[in-house]
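Data block below; observations after.
Every value quoted in this text rests on a predicted model; they were computed, and no experiment measured them.
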Amino acid sequence: LDLHLPAGSGEGVMEMMRADTRLCRVPVVVYSGTTDNDTIDSVMGMGAHFVRKADDDWTHLRPLIQKLILDGRRLSNTATAASPSRRQSA
């Protein structure tokens, strides 16, 4: 999820997803150019599984997304536990 969407904010999308019973357990990886710690803390608090500052190197995302898909049930049960260790900078 990018936090800077053309038609709205990524934070708004996270809020909508967490409020929807059909979407509240979907793992969310935030990959955005934002460096604002308050915004990053906000999405982590909403249950983002991983936050990474966007760069041109997407190779690190593939294994992360594969792990989230394979471990989806386990991770969805812990989505509300925001851990600072899930935040990475480029």
Side-chain angles (χ1 to χ4, degrees):
L1 175 64
D2 190 354
L3 298 178
H4 301 288
L5 300 171
S9 77
E11 286 180 281
V13 171
M14 280 287 297
E15 289 173 356
M16 181 270 314
M17 288 179 69
R18 294 308 179 223
D20 187 320
T21 57
R22 298 167 299 164
L23 300 174
C24 66
R25 292 183 171 208
V26 172
V28 176
V29 173
V30 175
Y31 189 75
S32 183
T34 190
T35 57
D36 177 45
N37 284 333
D38 290 336
T39 302
I40 292 169
D41 290 343
S42 175
V43 295
M44 291 295 291
M46 286 186 248
H49 287 85
F50 193 82
V51 176
R52 176 154 176 110
K53 184 175 181 260
D55 56 26
D56 291 331
D57 181 14
W58 291 73
T59 59
H60 56 277
L61 283 180
R62 184 177 181 152
L64 171 65
I65 292 169
Q66 287 174 328
K67 180 168 177 41
L68 285 172
I69 291 169
L70 293 173
D71 296 342
R73 283 173 273 178
R74 182 182 60 80
L75 290 173
S76 66
N77 292 331
T78 60
T80 56
S83 169
S85 64
R86 295 178 296 175
R87 180 191 306 191
Q88 287 191 356
S89 59

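Rounding to the nearest 0.5 Å places CE of M17 at 13.5 Å from CZ of R25.
Remark: D20 pairs with R22, L23 by the side-chain contact (heavy atoms from CB on, under 4.5 Å) rule, at least two apart or across chains. Listed by chain and number, the residues in a salt bridge (Lys or Arg N to Asp or Glu O under 4.0 Å) with R62 amount to none (sequence neighbours excluded). Every residue meeting the side-chain hydrogen bond (donor to acceptor under 3.5 Å, both in side chains) condition with D36, not counting sequence neighbours, appears here in chain and number order: T39.
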Show me the donor-acceptor pairs, under 3.5 Å and distance only, between side chains in residues 2-16 and residues at least two apart or in other chains.
residue: D2; atom: OD1; partner: H4; partner atom: N; Å: 3.1
residue: D2; atom: OD1; partner: S32; partner atom: OG; Å: 2.9
residue: S9; atom: OG; partner: G12; partner atom: N; Å: 2.9
residue: E11; atom: OE2; partner: S42; partner atom: OG; Å: 2.9

